[in-house]
Amino acid sequence: MQLTDAQRLDWLRLIRTEGIGPRSFRTLINRFGGAAAALEALPDLTKRQGRRIEPPSRAQAEDELAALARLGGRLLATGEADYPHLLQRTDAAPPLIALRGDPNILNRPAVALVGSRNASTAGLAFTERLARGLGEAGLAVVSGLARGIDARAHKASLHTGTVAVMAGGQDRIYPAAHAALVDAILAEGGAVLAEMPMGWEARGRDFPRRNRIISGLSYGTIVVEAARRSGSLITARYALEQNREVFAVPGSPLDPRAEGTNDLIRQGAILVAEASHVLDVIGPIIERGPDPDAAPARTKPDLAEQPDFWDEIDLEGRANLLDGGADLDPVFDVPLVEPDEPTDDRQKIIALLGPSPVGTDELARSAGVGARVVQTVLLELELDGRIERHGSGAVSLVNR
């Protein structure tokens with residue numbers, strides 16, 4: 001299938017209409033036979049629900065397409081050749097998704113690699129090793145462009161192929177400091193995807209929406225570091241619902257950043273200590289064909305013990321007008337404020353430390369400071385009794 005220009009405008013107007021999400025979009029298309037007919041029927045249909053909703057004008061849709069084109073992007077529709085095949089098989093696939101970059105990478109076998117924004121040095125180092133190993137094996141790495149684990153996963157897989165999924169519009173990179181990373185992804189043949197309109201500033205509930213796309217693009221999702229209420233666990237939950245594999249990297253029981261991943265393993269996720277552990281599971285699934293649903297996923301973690309907030313997330317984040325549903329507000333529907341990244345060298349280094357020993361060279365690289373600065377800060381921390389030195393020259397935080 002290939003949409004005409006007129007059909008693409010109609011699709012865009014329909015999905016940008018207030019209250020229309022992926023599922024209600026599909027219901028409208030099936031009920032009325034196409035987007036044009038659905039748009040014509042929509043005002044009367046919504047009026048019968050107690051409020052009249054007008055779709056965006058044709059001129060507004062044309063303006064959005066033109067703005068995307070100026071960035072070098074375009075819209076992919078479900079059913080079109082370039083639309084990601086794995087994502088299309090999910091229940092709530094975006095009818096339209098904005099692409100910048102090489103579409104070919106979207107249909108390469110891929111894995112998602114996600115984790116904490118406030119990652120430890122050990123977590124960042126393992127993420128880099130894992131992403132490089134998976135990339136060298138031919139897999140694309142998908143992540144969410146966030147600070148910490150996501151950013152390191154993208155950087156480590158730039159040369160082998162990476163896909164960044166944004167929570168806002170294509171012209172609203174979040175965090176803004178990652179604009180250079182986006183440029184690098186595009187320059188190296190990767191891709192950047194966004195479901196939301198041009199000009200859309202990411203809000204809290206947009207991140208769970210984005211996470212279903214991250215897992216939907218991938219044969220499996222790997223969580224490196226995650227606290228118990230981390231958004232990375234939402235990605236794992238979506239992967240499970242999409243019949244994809246769920247992997248987790250174990251961490252120290254003393255590190256709060258590992259509580260979520262350790263819980264995932266306890267609940268049945270596959271433990272990952274090296275890239276081969278992922279490849280051993282994903283490889284046979286890829287060999288069976290492009291449909292991950294052809295056979296049941298080997299691992300089915302039981303995430304029933306997760307907090308109640310799982311059930312409060314609406315995948316569409318909007319009302320289903322045909323069912324007369326109320327406009328739901330997920331728990332994440334709040335303005336999102338990115339925590340300030342530490343600017344003081346001492347605070348940067350402390351934030352990267354954890355119970356797991358880490359080498360001073362890696363600590364310096366992750367903090368972006370010189371080795372002499374690291375040694376000075378570590379000496380101060382040692383005198384204060386806050387770190388422990390190990391025989392290999394590595395250091396770790398003292399749990400007290």
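Residues L106 and I214 share a hydrophobic cluster, clusters being chains of Ile/Leu/Val/Met/Phe/Trp/Tyr side chains in contact below 4.5 Å. In the hydrophobic cluster analysis, where Ile, Leu, Val, Met, Phe, Trp and Tyr join through side-chain heavy atoms closer than 4.5 angstrom, V182 is grouped apart from I149. In this structure, I285 is a member of the same hydrophobic cluster as V141, with clusters built from ILVMFWY side-chain heavy atoms closer than 4.5 Å. When the side chains of ILVMFWY residues are joined at heavy-atom separations under 4.5 Å, either directly or via intervening members, L76 and L186 end up in two distinct hydrophobic clusters. V192 and L75 are not part of a single hydrophobic cluster, where members link through side-chain heavy atoms under 4.5 Å apart.
Checked by atom type and distance alone, the side chain of E274 never pairs as donor or acceptor with a backbone atom of G133 at under 3.5 Å. Between the H154 side chain and the L145 main chain, a donor and an acceptor come within less than 3.5 Å of each other. In this structure a side-chain-to-backbone donor-acceptor pair under 3.5 Å is present from R244 to G216. Looking at R257, its side chain never comes within 3.5 Å of a backbone N or O of S116 through a donor-acceptor pair. Side-chain N or O atoms of T78 include none that pairs as donor or acceptor with a backbone N or O of Q88 at under 3.5 Å. In this structure, N118 contributes its side chain and A351 its backbone to no donor-acceptor pair below 3.5 Å. For Q170 (side chain) and A67 (main-chain N/O), no donor-acceptor pair under 3.5 Å exists by modelled atom type. Of the possible donor and acceptor atoms, one in the side chain of R26 sits under 3.5 Å from a partner among the backbone N and O of D91. Within the 3.5 Å criterion, the main-chain N or O of I20 finds no donor-acceptor partner in the side chain of S24. The closest donor-acceptor contact from the side chain of R16 to the backbone of P56 lies at 3.5 Å or more, if one exists at all.
Summarising the geometry of I29 relative to A35, their closest heavy-atom pair is CD1-N, 3.3 Å, with the distance given to 0.1 Å. Nearest heavy atom pair, residue L99 against residue A191, reads CD1-CB, 3.8 Å. Taking each heavy atom of A167 and M196 in turn, the nearest pair found is O-CG, 3.2 Å. Taking all atoms of both residues into account, the shortest heavy-atom contact from S218 to L86 is C-CD1, 3.9 Å. The shortest heavy-atom contact between L14 and A38 is CD2-CB, 4.1 Å. L39 and D10 get closest at one heavy-atom pair: CD1-O, 3.6 Å.
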Verdict with supporting geometry, L353 and T121, side-chain contact (heavy atoms from CB on, under 4.5 Å): CA-CA 6 Å; L353 288 169; T121 298; 5.8 Å; no
As a quick check of understanding, evaluate salt bridge (Lys or Arg N to Asp or Glu O under 4.0 Å) for R74 and E80, giving each step before the final call. CA-CA 13 Å; R74 61 189 178 101; E80 292 186 322; 5.7 Å; no
CA sep, side-chain torsions, deciding dist, call: I282, L134, side-chain contact (heavy atoms from CB on, under 4.5 Å): CA-CA 11 Å; I282 296 295; L134 295 170; over 6 Å; no
Passes side-chain contact (heavy atoms from CB on, under 4.5 Å), L139 versus I286? Steps please. CA-CA 10 Å; L139 296 175; I286 296 172; 3.7 Å; yes
Between R203 and D206, is a salt bridge (Lys or Arg N to Asp or Glu O under 4.0 Å) present by the stated rule, with each step listed? CA-CA 5 Å; R203 301 172 300 171; D206 298 322; 3.7 Å; yes
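In this structure, the side chains of V249 and T261 stay at 4.5 Å or more apart for every pair of heavy atoms. With contacts defined as side-chain heavy-atom distances shorter than 4.5 Å, the pair F247/V281 qualifies. V223 is not listed as a side-chain neighbour of T235, based on a closest heavy-atom distance of 4.5 Å or more. In this structure, the side chains of I173 and M166 come closer than 4.5 Å at one or more pairs of heavy atoms. Using a 4.5 Å cut-off on side-chain heavy atoms (C-beta onward), T162 and V142 make no contact. Side-chain contact between R212 and P94 is present, with at least one heavy-atom pair separated by less than 4.5 Å. Residues V224 and R152 are not in side-chain contact: their nearest non-hydrogen atoms beyond the backbone lie 4.5 Å or more apart. A 4.5 Å side-chain heavy-atom check between I213 and I97 finds at least one atom pair inside the cut-off.
One finds the CD1 atom of I222 at 12.5 Å from the CG atom of L264 (value rounded to the nearest 0.5 Å). Atom CD of Q2 is separated from atom CD of Q7 by 9.5 Å, given to the nearest 0.5 angstrom. The CD atom of Q267 lies 8.5 Å from the CG atom of L233; values are rounded to the nearest 0.5 Å. Atom NE2 of H178 and atom CZ of R147 lie 7.5 Å apart (nearest 0.5 Å). Taking OH from Y238 and OG1 from T90, the interatomic distance works out to 11.0 Å, rounded to the nearest 0.5 Å. Rounded to the nearest 0.5 angstrom, L113 CG and T221 OG1 are separated by 9.5 Å.
Note on residues 136-145: pairs passing side chain to side chain donor-acceptor pair (under 3.5 Å), not counting sequence neighbours, are S143-D150. Applying the salt bridge (charged side-chain N to carboxylate O under 4.0 Å, His left out) test to residues at least two apart or on different chains, none of the pairs has a partner in residues 102-116.
Heavy-atom neighbours of E40 CD from other residues, nucleotides or ligands within 6.0 Å: at or below the threshold of 12. Heavy-atom contacts from other residues, nucleotides or ligands closer than 6.0 Å to CG of N30 number more than 12.
Under the salt bridge (Lys or Arg N to Asp or Glu O under 4.0 Å) criterion, R210 pairs with no residue at all, not counting sequence neighbours.
A salt bridge links R266 to D263: one of the charged nitrogens lies within less than 4.0 Å of a carboxylate oxygen.
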